[in-house]
There are 2 protein chains.
Amino acid sequence: PKQFAVLGIGRFGESLIKELVRMGYEVLAVDVDADLVQEAMEYATHAVQADAMEESVLKSLGIKNFDAVIVAIGENIQSNIFTTILMKELGVKKVVAKAGNALHGKVLEKIGADMVIYPERDMAIKLARTLASQNFLEQITLSSDYSIIEISIPRSFINKNLRQIGVRPRMNVTVLAIRRGDEIIVVPGPDQNLINGDILVVLGHNQDLDDLSDID
Amino acid sequence: PKQFAVLGIGRFGESLIKELVRMGYEVLAVDVDADLVQEAMEYATHAVQADAMEESVLKSLGIKNFDAVIVAIGENIQSNIFTTILMKELGVKKVVAKAGNALHGKVLEKIGADMVIYPERDMAIKLARTLASQNFLEQITLSSDYSIIEISIPRSFINKNLRQIGVRPRMNVTVLAIRRGDEIIVVPGPDQNLINGDILVVLGHNQDLDDLSDID
Ligand SMILES: Nc1ncnc2c1ncn2[C@@H]1O[C@H](COP(=O)(O)OP(=O)(O)OP(=O)(O)O)[C@@H](O)[C@H]1O
Ligand SMILES: Nc1ncnc2c1ncn2[C@@H]1O[C@H](COP(=O)(O)OP(=O)(O)OP(=O)(O)O)[C@@H](O)[C@H]1O
């Protein structure tokens, strides 16, 4: 089974450790803060108090044997950057590092992070879209132009079928599925009737999806 | 056009302000930190230095006229909680508050937050799923049992078509779309050939999706 090391037990690090453990993986938690390490002993496979930049400690922990090391150190950007490059130096095959902003993220890419994540930025963008559109529920970004979104049914669609609404020819989007309570209607046909409470799972160009979510 | 107020210009607050402005909305940024307010003047519609718990200041800003107020104060949980309840007291119709953990979130719900978000936790869970499955790229949760996921093409699917692979009859999942470079093939037919590098957008029951992402 895979084993992971999470460096930094902040809110992000703690949730990551707990979810990986819940999924059945072995997780080593590392932090300089003794209290956080003490707490982490309750839910992590192992928890060690250490400075993630201490080469000797990391070597003794066999850090390069982990399937992935996640650098979840936040406010201290210098520690975050130096820890990341050290991981690559020590031969860790997959290093995931958390960036606080775009410039920080560029530095991490250049010094060898295999994956850079922007938790605050990504969630902010997701929230912005939810706030912008009353009926916007969730989304997957397929490419820079295409997405899949979930929207609650516009009132003008209720009790009509897909052909009458003309979703594909007029609005240039594809209804991939309809969520009706706990039921999922997959790849609905043109005669599929829509009812109040339906949630539409739609694929299309971002601009067309924005127009769709403005429909009343 | 809608107007929003973001209280707290941390990494999350800043990204939220920028995205809402990019979408064309008016955004008021508020923080106690003068430097952050100075920076925010460059990208927010308005930026004001203030303590978000100062009732008189908030009233003079006409806080209850905003379509939504987002409490993006982080580390200071007490400020975050007191600011949230104050927003509701002042008649703000929609208050979104950022929670650092589940208990904090429960408090926010009880005191009237219209929406509670957990950016660090949600991103950690998303990352955990990506780390767990080699080819797991993104996912939308449709219901407690069904999801849409993106996976990179299993090697055994390359140069076969959907009928040969038998995705629907054998694996009980539906390929909604194929991402090929910048191209998107929507609702592919049974004769659709798959090639190396394809990314499959698949809908199914969570257990069947897990089985699918284990295929080599
Ligand atoms: N050199 C280091 N070695 C080990 N742990 C460290 C080091 N530097 C910082 N940390 C720890 O990393 C953790 C996360 O950092 P911090 O709280 O600054 O980030 P954050 O981005 O605000 O976190 P989050 O948003 O996940 O709550 C802290 O618990 C801190 O003690
Ligand atoms: N009472 C207050 N009024 C206005 N702003 C406040 C108040 N308390 C804290 N802030 C501001 O909120 C901002 C975000 O808070 P903080 O940095 O503690 O949270 P965070 O969760 O680590 O942020 P992020 O993860 O978004 O970077 C800070 O810039 C801080 O100055």
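All heavy atoms count here, side chains included; hydrogens, waters and symmetry mates do not.
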- Message: Which atoms of A:Asp122 are under 4.5 Å from chain B, going by heavy atoms: the side chain, the backbone, both sets, or neither?
- Response: side chain
- Message: Taking the side chain as everything from C-beta on, heavy atoms only, tell me whether B:Arg11 gets closer than 4.5 Å to A:Met123.
- Response: no
- Message: Restricting to non-hydrogen atoms, name the atom on A:Ala128 and the atom on B:Met23 that form the minimum distance, rounded to 0.1 Å.
- Response: O-SD, 4.0 Å
- Item | A:Val96, part contacting chain B, at a heavy-atom distance under 4.5 Å | side chain
- Message: Can you tell me which portion of A:Ala72 sits under 4.5 Å from chain B's heavy atoms? Options are side chain, backbone, both or neither.
- Response: neither
- Could you check if a side-chain atom of B:Leu127 sits within less than 4.5 angstrom of a side-chain atom of A:Phe12, using non-hydrogen atoms only? yes
- Measure from the side-chain N and O atoms of A:Lys2 to the backbone N and O of B:Leu131, and report whether any donor-acceptor pair falls under 3.5 Å. yes
- Message: For a 4.5 angstrom cut-off between non-hydrogen side-chain atoms, does B:Leu203 reach A:Val201?
- Response: no
- Query: So does A:Gln78 have more than 12 non-hydrogen atoms from other groups sitting under 6.0 Å from CD?
  - Reply: no
- Query: Got a second to check how far A:Glu120's CD is from B:Glu120's CD, nearest 0.5 Å?
  - Reply: 6.0 Å
- Message: Taking NZ in B:Lys93 as the centre, count heavy atoms belonging to other residues, nucleotides or ligands within less than 6.0 Å. Is the count above 12?
- Response: yes
- Region of A:Ile117 that comes under 4.5 Å of a non-hydrogen atom in chain B: side chain
- Item | Segment of A:Ile70 engaging chain B (4.5 angstrom heavy-atom cut-off) | side chain
- Query: So which part of A:Lys18 gets closer than 4.5 Å to some heavy atom of chain B, the side chain, the backbone, both or neither?
  - Reply: neither
- Who among B:Ile125, B:Val187, B:Thr174 has the most heavy-atom pairs with chain A under 4.5 Å? B:Ile125
- Task: Take atom NZ of B:Lys64 as the centre, draw a 6.0 Å sphere, and report whether it contains more than 12 heavy atoms from other residues, nucleotides or ligands.
- Result: no
